[in-house]
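Here the structure comes first, spelled out in structure tokens, and everything after it is commentary.
Index from 1, following the sequence.
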Amino acid sequence: MDDKPQETGSGDEARGQHQARGQGGTRGREKTPGRAGRGRAGRGRAGRGRRVWFGSAAAGCAVLGGVLVLVLLPGERGADGPPEPAAGALALAAVAGGVPASLPGLEALVEERERHLEEHPRDAESWAVLGAARVEQGRRLGDPARYSRAEQALRTSLKVRPRDNAAALRGLAALANARRDHPAALEWAERARKLEPKRWTTYLPLVEAYAGLGDGDAAGRMLDRLKALRSDPAVMARAAAVYRDKGLRDDAAAQLADAAAAAGEPAERASYLEQAGQLAWERGDREDALGHFREAVRVDPDQWASRAGQGRVLAALGRTTEALGAYRAALAGQPLPEYELELGELYESLGRRQDARVHYDLVRSRVRKAAAHGADGNLVLGRFEADHGDPKAAVRRLRTEWERQPSAAVADALGWALHRSGRPGEALEFAVRATEEKHGGGVRSALHAFHRGMIEHELERPGPARRHLREALRINPYFSPLRVPQAKAVLERLGEPPVGEGPPDWS
């Protein structure tokens, strides 16, 4: 078996293919409600910076869950490959076209590949597709058990074809990113890039891995290479994520508008809408965010992240009963520990401590379950322990996380845990990393600014504390039902700066 990489292509020919429709057989496993999307034929591009409105929402943003694009493009199927699936044809087209797939389509594709592999167990491409489909299912359903099954399929693909198998390597990179194991994702993706340096799909997990490792410069370089190979909604969305992390919200918004305008399938469009809603929420635009989230759910009822987004916004609007219902719906479809923590804090802000405790307990159990399937929940568990559990345990957990993948989010969480455990001096070093662009903290986060302001207040630095707490409320006056009242109370105690006070030391 020779070492020559397979021929690569842009994958442009994938658009408009696989339009077959039909109803695949089911096996009574892992049913997901919803409907398959429409074909992608006729997708267009919008001008840069153009705003496109869907109902009341301006659309688009980065997609972190579109892992299926990483595996299969036309021309990669072996001679003994199966015929095109029926109900899963649109999901396979999404794989080839670089866009998110619908949950019903993913289920049909998984079932079709499983049936095929029972008779053709040495079809490496089908094993890779099966693994990637399970990764995407795991992301969208919040079901880490699918990650273990995905890994089994992807490693089987490598066993069947140990050389020249970039598809399986890309799938393993996507799996590692989904598990928040960004060092492993980087290793798998670089191996794929050595085989197929001109394959655009190889760069998607590379960008995500470098971003997760806190290396914004490398993420930017990989994005430049990706954009040189391809320009379509998936690439625009990935670019928007990089720009958002750098604090370039206008640039991110421009990419999002273009991505949303060119979206074809409902699942694709809904994914961009959800990310656009999150971007609007981060800047405190409640009505715009709610419009995006609602439209995303209307387009794709399986958009559980948008239901959680509705919960955040409705709580900020004082529509508490609706907010609680939105969170419960999100958890029913995608039971992530992050949503449990948010819902618990909402209950606590309402004085319903017993209800809050139920969801706080579920944070730990969901992280344990995810860890059993290789997923890294140290960040969310560290945040939870710092505020609602054992801050010293949070410090130990987050130090390990910082050593492995030192992103701005981890720096913020570690700094806050140090503060909560009585070590504000050391905490400030990490809070600065999380909020200063020169240290990699370019993202404009109300929570990060709040944490830094509170640490500075503890250190009796009223000028910097006042500045950063005000900044938190300027970025998003509604960022947390628990933290916003705390920020306002401290600002009230600090009062206005004394007359004649020189410029504060912002460092």
Side-chain angles (χ1 to χ4, degrees), residues 55-57 142 270 273-366 380-381 383-389 416 445-451 454 469-470 472-492:
S56 62
L273 284 165
E274 186 277 326
Q275 295 296 333
Q278 180 60 23
L279 190 66
W281 167 249
E282 289 176 356
R283 66 175 182 264
D285 191 338
R286 295 175 296 179
E287 297 295 343
D288 193 28
L290 185 60
H292 283 87
F293 291 138
R294 282 180 166 170
E295 179 66 3
V297 172
R298 187 194 68 79
V299 171
D300 180 6
D302 295 326
Q303 240 301 328
W304 307 111
S306 288
R307 296 180 189 271
Q310 288 183 52
R312 294 181 204 110
V313 179
L314 290 166
L317 290 167
R319 296 160 61 177
T320 305
T321 301
E322 294 174 80
L324 294 172
Y327 271 119
R328 293 188 194 105
L331 283 163
Q334 190 183 32
L336 295 176
E338 294 90 335
Y339 302 165
E340 299 286 5
L341 179 55
E342 290 181 32
L343 182 53
E345 290 189 339
L346 177 56
Y347 275 124
E348 185 174 343
S349 74
L350 298 171
R352 298 171 59 174
R353 294 185 179 277
Q354 185 58 40
D355 290 325
R357 180 54 54 193
V358 170
H359 292 281
Y360 289 159
D361 289 343
L362 285 170
V363 173
R364 291 191 178 99
S365 65
R366 294 201 189 283
V380 64
L381 189 56
R383 287 172 171 164
F384 165 75
E385 294 290 357
D387 278 319
H388 309 288
W416 187 244
S445 166
L447 183 63
H448 294 186
F450 166 78
H451 285 161
M454 294 295 285
L469 291 174
R470 286 177 172 173
L473 296 176
R474 279 196 303 269
I475 292 172
N476 182 356
Y478 322 101
F479 68 91
S480 165
L482 285 180
R483 312 304 163 213
V484 167
Q486 293 176 10
K488 291 179 177 178
V490 171
L491 282 171
E492 185 176 354

Practice task
For E338 and R383, run salt bridge (charged side-chain N to carboxylate O under 4.0 Å, His left out): C-alpha distance rounded to whole Å, both residues' side-chain angles, the deciding distance at 0.1 Å, then the answer.
Solution key: CA-CA 10 Å; E338 294 90 335; R383 287 172 171 164; over 6 Å; no
Exercise for the section: Apply side chain to side chain contact (heavy atoms under 4.5 Å, CB included) to V484 and Y478, showing your working. Expected result: CA-CA 7 Å; V484 167; Y478 322 101; 5.5 Å; no
Exercise for the section: Please assess D300 against L273 for the test side chain to side chain contact (heavy atoms under 4.5 Å, CB included), listing each intermediate value before the final yes or no. Expected result: CA-CA 10 Å; D300 180 6; L273 284 165; over 6 Å; no
Problem - Test log, rule side chain to side chain donor-acceptor pair (under 3.5 Å), inputs Y360 and E340 - result: CA-CA 7 Å; Y360 289 159; E340 299 286 5; over 6 Å; no
Practice task
Apply side chain to side chain donor-acceptor pair (under 3.5 Å) to Q278 and R312, showing your working.
Solution key: CA-CA 10 Å; Q278 180 60 23; R312 294 181 204 110; 3.2 Å; yes
Exercise for the section: Quick one: do L469 and R474 satisfy side chain to side chain contact (heavy atoms under 4.5 Å, CB included)? Show the steps, please. Expected result: CA-CA 9 Å; L469 291 174; R474 279 196 303 269; over 6 Å; no
Practice task
Could you walk me through whether R483 and D387 pass salt bridge (charged side-chain N to carboxylate O under 4.0 Å, His left out), step by step?
Solution key: CA-CA 11 Å; R483 312 304 163 213; D387 278 319; 3.3 Å; yes
Handout entry: Working for side chain to side chain contact (heavy atoms under 4.5 Å, CB included), residues R357 and E348
Key = CA-CA 8 Å; R357 180 54 54 193; E348 185 174 343; over 6 Å; no
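R307 places a side-chain N or O within donor-acceptor distance of the main-chain N or O of P301, the cut-off being under 3.5 Å. In terms of modelled atom types and a separation under 3.5 Å, the side chain of R283 and the main chain of I475 share no donor-acceptor contact. Although no hydrogens or angles enter the test, the distance criterion places no donor-acceptor pair under 3.5 Å between the side chain of W281 and the main chain of L279.
Contact between P337 and V363 at its shortest, heavy atoms only, is O-CG2, 3.8 Å. Taking all atoms of both residues into account, the shortest heavy-atom contact from E282 to N476 is O-CB, 3.6 Å. Of all the heavy atoms in Y327 and E342, the pair that sits closest is OH-OE1, 2.6 Å. Scanning all heavy atoms of the two residues, the minimum distance from A323 to G311 falls at CB-O, 3.5 Å. The shortest heavy-atom contact between S306 and V297 is CB-CG2, 3.7 Å.
The shortest side-chain heavy-atom distance between R286 and L314 does not fall under the 4.5 Å cut-off. Proximity of L336 to R366: side-chain heavy atoms (C-beta onward) are nowhere separated by under 4.5 Å. Residues E295 and L290 have side chains not in contact (no heavy-atom distance under 4.5 Å, counting atoms from C-beta outward). At a threshold of 4.5 Å between non-hydrogen side-chain atoms, the residues E322 and V313 do not count as touching. Put simply, the side chain of L331 does not reach to within 4.5 Å of the side chain of Q334, judged on heavy atoms.
Counting only residues at least two apart or on different chains, the ring pair (Phe, Tyr, Trp, His ring centres under 6.0 Å) pairs with a member in residues 334-357 are Y347-H359.
Taking the six-membered ring where the residue is Trp, W416 and H451 present parallel rings, their angle staying beneath 30° rather than reaching 60°.
When the ring pair (Phe, Tyr, Trp, His ring centres under 6.0 Å) test is applied to H448, no partner is found at least two apart in sequence or on another chain.
Interatomic distance, CZ of F450 versus OG of S445, reported as 11.5 Å (0.5 Å rounding). With rounding to the nearest 0.5 Å, the separation of CG in L473 from CG in L491 is 6.0 Å.
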